[in-house]
Structures are given as structure tokens and as C-alpha cells.
Amino acid sequence: MTSFEEWVGFPALVLLGLMTGMIGYYFNKHAKLSDNLPEDDTEGEIAERAGIYGQFTPWSWWPLMLGAGVAIGFAGLAIGWWVFYLGLGAVAVGVLGWAFELNRGSYRH
């Protein structure tokens, strides 16, 4: 399309194809070396992979605080840096509260 006046496009496409091939080769090699997991079986049951995935707190309000802090921070990018710093403080409070909520009160372990 450019009559080869601009030489960046053609080598870039060739290198992109080579990088894609490298990733495909890695995934293919890794798939052959790995064992089949229960979720790979199309006839498998849910109970075959059942187990403890973690402890979740459905009553927690900290994710809402964290989301509000992120929203304020993004709005601060458009409004002003002082609003961004308010959002950054709210994010810090939300992350710390969410991380330590199971270490206080009647839910501590």
C-alpha cells in the first residue's frame, strides 16, 4: 500500500507473526506436558473439583468504599488533582479495611 517507501510496517507484521507463533508454541508445549484436570472432562461432575476456595464475607461494605474511592480518583483526573488525592485516600482506607475486616470484632479468627 505504501510502495515500500515506509519500511516499518512490513518488518513489524513479520515480527508480530513470529511473536504470536512463539506464544502458540509455548501453549502447545505446556498443554502436552500438563495433566488433565477434573474441569477438562466434558462428562465430569462439579463434585470432582469441589473444595475450599477461600473465605468470603458477603456482608462486607469495604468493596463499596473501595469502588467509591476509585470512582472519585478517576473523576479527579478530569476535575483536579486535589480530588484525585481524596480518592486515593479513600482507596487506601478501603483496601486496609477490606484486608483487616476479619481481624477485628466477632469475626476475627
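Keep in mind that what you see is a predicted model, and the values were worked out from it rather than measured.
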side-chain contact (heavy atoms from CB on, under 4.5 Å) filter on Val8, not counting sequence neighbours, yields Glu6
Could you list the residues that satisfy ring pair (Phe, Tyr, Trp, His ring centres under 6.0 Å) with Tyr26, not counting sequence neighbours? His30
Per the ring pair (Phe, Tyr, Trp, His ring centres under 6.0 Å) rule, what does the pair list look like for residues 83-102, sequence neighbours excluded? Trp81-Phe84
Atom CG of Asn28 and atom CD1 of Ile23: how far apart are they, to the nearest 0.5 Å? 13.5 Å
What residues, two or more places apart in sequence or in another chain, satisfy side-chain contact (heavy atoms from CB on, under 4.5 Å) together with Leu18? Val14, Leu15
Table please: side-chain donor-acceptor pairs of residues 60-80 below 3.5 Å, with sequence neighbours left out.
{"unit_1": "Ser60", "atom_1": "OG", "unit_2": "Trp62", "atom_2": "N", "d": "3.3"}
{"unit_1": "Ser60", "atom_1": "OG", "unit_2": "Glu101", "atom_2": "OE1", "d": "2.9"}
{"unit_1": "Ser60", "atom_1": "OG", "unit_2": "Glu101", "atom_2": "OE2", "d": "3.3"}
{"unit_1": "Trp62", "atom_1": "NE1", "unit_2": "Gly97", "atom_2": "O", "d": "3.4"}

